[in-house]
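The next block holds one structure in the form of structure tokens; read it before the comments.
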There are 2 protein chains.
Amino acid sequence: MKSLSHSEENYLKEIFHLSGLTEKRVSTNGLASRLNTKASSITDMLQKLSDKKLVEYVKYKGCFLTEEGERIAIQIIRKHRLWETFLVNKLSFGWEEVHDVAEQLEHIDSEKLIDSLDRFLNYPKFDPHGDPIPDKDGKIVYRKSKIKLLDAATNSRVEIVRVNEDSLALLKFLERHQLTLGTELDVLEKFPFDDSMSVRVGELLEINLSKKVTENIGVKFISKL
Amino acid sequence: MKSLSHSEENYLKEIFHLSGLTEKRVSTNGLASRLNTKASSITDMLQKLSDKKLVEYVKYKGCFLTEEGERIAIQIIRKHRLWETFLVNKLSFGWEEVHDVAEQLEHIDSEKLIDSLDRFLNYPKFDPHGDPIPDKDGKIVYRKSKIKLLDAATNSRVEIVRVNEDSLALLKFLERHQLTLGTELDVLEKFPFDDSMSVRVGELLEINLSKKVTENIGVKFISKL
DNA sequence: AAATATTTTTAGACTTGCCTAAAAATTTAT
DNA sequence: ATAAATTTTTAGGCAAGTCTAAAAATATTT
Ligand SMILES: [Mn+2]
Ligand SMILES: [Mn+2]
Ligand SMILES: [Mn+2]
Ligand SMILES: [Mn+2]
């Protein structure tokens, strides 16, 4: 249970995110591009993490997390999301400003700190981007009945419950158009030509959103129009 | 203005602390013992910091901080003390628990974060151990008329305004005997044999404090008894 | 002022995490 | 089923930060 380097923690976290999506082995190149390193560095680290029994790794076949590796990855994600919540709720950061700082804060090693923070924030269930915050035991309650805005039916009203935090530019765009968490939208029309979508936000404002935008917004159904 | 490694920051901070005490050049061995490294490692790092113009270093003669080095050191100390204050005031940590976590948090690199924290805490002037918190511009307001309890006159009443945070054991000892910041004491008698001192705290409780204790407590004079 | 002791620096080595270039394995296309 | 393209691994190197052992400088004793 000795502690891991920032690098090792970042690898575990990223393996978790990637395999969460695909549920299968994570590729070396996939990791390399997410971690902004070269494939050869990934191979090195996977060998080390494999020695430490944090990932299962077979040469040329990719890797996935062991139970212990996953446990650790989830705790880092818990820290990341709690810190983001702290920054937004207590220090009035904008949701687009918190990720980079949280990337640093997530490596602070103190169980007491993170549990105190959790209590201080009143045990939040979701972070500023709508992602679920794992609890102390690593349990993650995913929001059910959440779909991509891309897939929402026309003539329905939906509520934004999650946005992909990966792109700073997206977050700024959404902020700018008042498309924040909790905002309700009417899905007016979809355009097959470019997979864009027109939505109404508020009483009047009508916007056309590109696929790039709608596939990165999570919504839940509210009602038929 | 590119950012420094944790190690480099720790060296600068420690040079500041050591030269603050003596106001003269800091020795290699002095640094080594405070930083828990070997003298040879100190020499290596001093050469590097000297190249970066953060310390003035002359072989065999020790070092001191340049203006830029001092500026950086003070900002790290500011972060350290603000985080300690946060942990005690907002997350209800005990004053003996905060230092180690602050050693990690002080390296988080975000000016916005630290300024927001400062505001959130209401611009505190002193940390949980009574040490002054440098402001955004690096100005440190030292408490004047502060003396060591060791040097306080007998038959006077004093108030504890600062304790040396270096020893966890001391902090626990003080906590245990209710000798916290703001506590008022009557200095009853000094014993030259071992430089111990008897004090009264509250109405009844009388304690004998060793030199080891009294030289690590800062007090200010309240009144004659 | 030597001789001795202490402090500091140098030399050489190790680990971590990363890189480039080349080799090997795997996948895709013909 | 080969050949070509892609992915992944290996080999060898580099910088940071640390260490031990030995050499050099400085300080202290006699
Ligand atoms: Mn984030
Ligand atoms: Mn987030
Ligand atoms: Mn401290
Ligand atoms: Mn302190």
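Every value quoted in this text rests on a predicted model; they were computed, and no experiment measured them.
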* Does Lys90(B) make a cation-pi contact with Phe120(B), if we ask for NZ or CZ under 6.0 Å from the ring centre and within 45° of the axis? -> yes
Pick base, sugar-phosphate or nothing for [X], based on heavy-atom distances below 4.0 Å to the nucleic acid.
{"X": "Thr28(A)", "value": "sugar-phosphate"}
{"X": "Thr43(A)", "value": "base"}
{"X": "Ser41(B)", "value": "base"}
{"X": "Ser7(A)", "value": "sugar-phosphate"}

How many whole angstroms separate atom [atom1] of [X] from atom [atom2] of [N]?
{"X": "Leu31(A)", "N": "dT7(D)", "atom1": "CG", "atom2": "P", "answer": "14 Å"}
{"X": "Ile42(B)", "N": "dT9(C)", "atom1": "CD1", "atom2": "P", "answer": "10 Å"}
{"X": "Leu46(B)", "N": "dT18(D)", "atom1": "CG", "atom2": "P", "answer": "12 Å"}
{"X": "Leu49(A)", "N": "dT16(C)", "atom1": "CG", "atom2": "C1'", "answer": "12 Å"}
{"X": "Leu4(A)", "N": "dT15(C)", "atom1": "CG", "atom2": "C1'", "answer": "16 Å"}
{"X": "Asp44(B)", "N": "dC14(C)", "atom1": "CG", "atom2": "P", "answer": "16 Å"}
{"X": "Tyr57(B)", "N": "dA25(D)", "atom1": "OH", "atom2": "P", "answer": "13 Å"}
{"X": "Gln47(A)", "N": "dT10(D)", "atom1": "CD", "atom2": "C1'", "answer": "9 Å"}

* Out of dC18(C), dT8(D), dT9(D), which has the shortest distance to the side chain of Asn29(A)? -> dT8(D)
* Structure fact -> Looking only at dT8(D), dT18(D), dT10(D), the nucleotide nearest the Tyr11(B) side chain is dT18(D)
Side chain proximity check, [X] to [Y], heavy atoms < 4.5 angstrom:
{"X": "Ile72(A)", "Y": "Glu68(A)", "answer": "yes"}
{"X": "Arg119(A)", "Y": "Asp115(A)", "answer": "no"}
{"X": "Phe64(B)", "Y": "Val55(B)", "answer": "no"}

* Structure fact -> Result for 5'-nearest mapping on DNA chain C, choosing between Gly30(B) and Ser5(A), is Gly30(B)
* Structure fact -> On DNA chain C, more 5' by nearest nucleotide between Lys38(A) and Val26(B) is Val26(B)
* Side chains of His80(B) and Asp127(B), donor plus acceptor under 3.5 Å -> no
* Compute whether any side-chain donor of one residue and acceptor of the other, for Ser196(A) and Asp194(A), lie under 3.5 angstrom apart. => yes
* To do: Could you tell me whether Lys52(B) atom NZ has more than 12 heavy atoms of other residues or ligands within 6.0 Å of it?
  => yes
Kindly give the atom pairs (protein nitrogen or oxygen, nucleotide nitrogen or oxygen) under 3.5 Å for nucleotides 1-3 of chain D.
none

* Asked: Are Glu97(A) and Lys112(B) ion-paired here, with the side-chain N under 4.0 Å from a carboxylate O?
  -> yes
* To do: Tell me, please, which residues at least two apart from His129(B) pass ring pair (Phe, Tyr, Trp, His ring centres under 6.0 Å).
  => none
* To do: Output, in order, the C-alpha distance, side-chain angles, deciding distance and verdict of ring-ring contact (aromatic ring centres under 6.0 Å, His included) for Phe86(A) and Phe86(B).
  => CA-CA 12 Å; Phe86(A) 169 73; Phe86(B) 169 72; 5.2 Å; yes
* **Under-3.5 Å donor-acceptor pair between Ser40(B) side chain and dT20(D) base** => yes
Write out a two-atom table: protein N or O, nucleotide N or O from nucleotides 24-26 of chain C, distance below 3.5 Å.
residue, atom, partner, partner atom, Å
dA25(C), O4', Tyr60(A), OH, 3.4

